[in-house]
Amino acid sequence: MFDWFERAAAGASLLCLIHCAGLPLLLAALPALSRAFALPESLHLWLLGFAIPASGSALLFGFRQHRAWPPLAAGAIGLALLSAGVLRFGGGRLETAVTMAGSLCLIAAHVGNWRRRHGRHRHG
């Protein structure tokens, strides 16, 4: 069950990154498409509402198993950046950069969490 949470949360983070990086490029290249597929303003808030419990649960479950702080810290930073992107910088120039940084932190956190739970981390 923990693997499902981890995969869902990591997948959502990856989709967020693709959305943040790819959608603006696609919309810039195809202006007509932006009119046909206007996304509601509340979409990012809904996605954040999914990301916080999904990622938070997966990272906490993993932490209970491996007791390693780095994935939990990276995930907390990622969620904070996603929250800032949506709640503080929404619609502004920094929204995409802050949200992409948050997505990258979350992806790294979930990969690290998964590796530690499965005993595949490297000793330094």
Side-chain angles (χ1 to χ4, degrees):
M1 177 155 138
F2 297 133
D3 281 342
W4 184 87
F5 272 118
E6 201 74 61
R7 288 181 182 143
S13 298
L14 182 60
L15 288 175
C16 180
L17 183 63
I18 291 168
H19 165 77
C20 288
L23 191 59
L25 294 174
L26 181 63
L27 294 178
L30 303 169
L33 187 60
S34 67
R35 290 186 202 113
F37 294 107
L39 298 174
E41 289 295 319
S42 63
L43 176 67
H44 290 131
L45 193 56
W46 282 98
L47 293 172
L48 181 64
F50 172 78
I52 290 173
S55 289
S57 297
L59 293 167
L60 284 173
F61 289 146
F63 177 76
R64 287 182 184 162
Q65 288 182 346
H66 56 64
R67 299 287 182 202
W69 286 100
L72 192 61
I77 291 167
L79 289 173
L81 288 170
L82 285 181
S83 298
V86 171
L87 301 172
R88 171 68 175 96
F89 301 111
R93 293 183 302 143
L94 294 176
E95 178 184 12
T96 300
V98 171
T99 304
M100 287 177 68
S103 295
L104 288 170
C105 285
L106 277 175
I107 292 167
H110 289 299
V111 169
N113 201 40
W114 188 87
R115 285 182 176 172
R116 289 179 192 278
R117 283 191 308 101
H118 291 281
R120 295 183 183 161
H121 65 281
R122 296 180 183 161
H123 296 282

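- With hydrophobic clusters built from ILVMFWY side chains whose heavy atoms lie under 4.5 angstrom apart, Ile107 does not share a cluster with Leu15.
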*Might you work through the side chain to side chain contact (heavy atoms under 4.5 Å, CB included) test for Trp114 and Val111, ending with a clear yes or no?*
CA-CA 5 Å; Trp114 188 87; Val111 169; 5.8 Å; no
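- Note that OG of Ser103 is 9.0 Å distant from CG of Leu14, once rounded to the nearest 0.5 Å.
- Of all heavy-atom pairs between Ala68 and Phe63, the closest is O-CD1, 3.3 Å.
- For the side chain to side chain contact (heavy atoms under 4.5 Å, CB included) with Phe89, the qualifying choice from Leu81, Thr99, Val98, Thr96 is Val98, the only one to do so.
- Glu95 approaches Gly85 most closely through the heavy-atom pair CG-O, 3.5 Å.
- Distance check: Leu79 CG to Leu48 CG gives 7.5 Å after rounding to the nearest 0.5 Å.
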*Please test Ser83 against Ile52 for side chain to side chain contact (heavy atoms under 4.5 Å, CB included), starting from the C-alpha separation and ending with a verdict.*
CA-CA 9 Å; Ser83 298; Ile52 290 173; 4.0 Å; yes
_Step-by-step side chain to side chain contact (heavy atoms under 4.5 Å, CB included) determination, Leu87 to Leu45_ = CA-CA 8 Å; Leu87 301 172; Leu45 193 56; 3.9 Å; yes
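- Taken together through direct or relayed side-chain contacts under 4.5 Å among Ile, Leu, Val, Met, Phe, Trp and Tyr, Leu59 and Trp69 form part of one hydrophobic cluster.
- The two atoms that bring Ala109 and Gly75 nearest to each other are CB-N, 3.4 Å, heavy atoms only.
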*Tell me, with the steps shown, if Asn113 and His66 meet side chain to side chain contact (heavy atoms under 4.5 Å, CB included).*
CA-CA 8 Å; Asn113 201 40; His66 56 64; 2.5 Å; yes
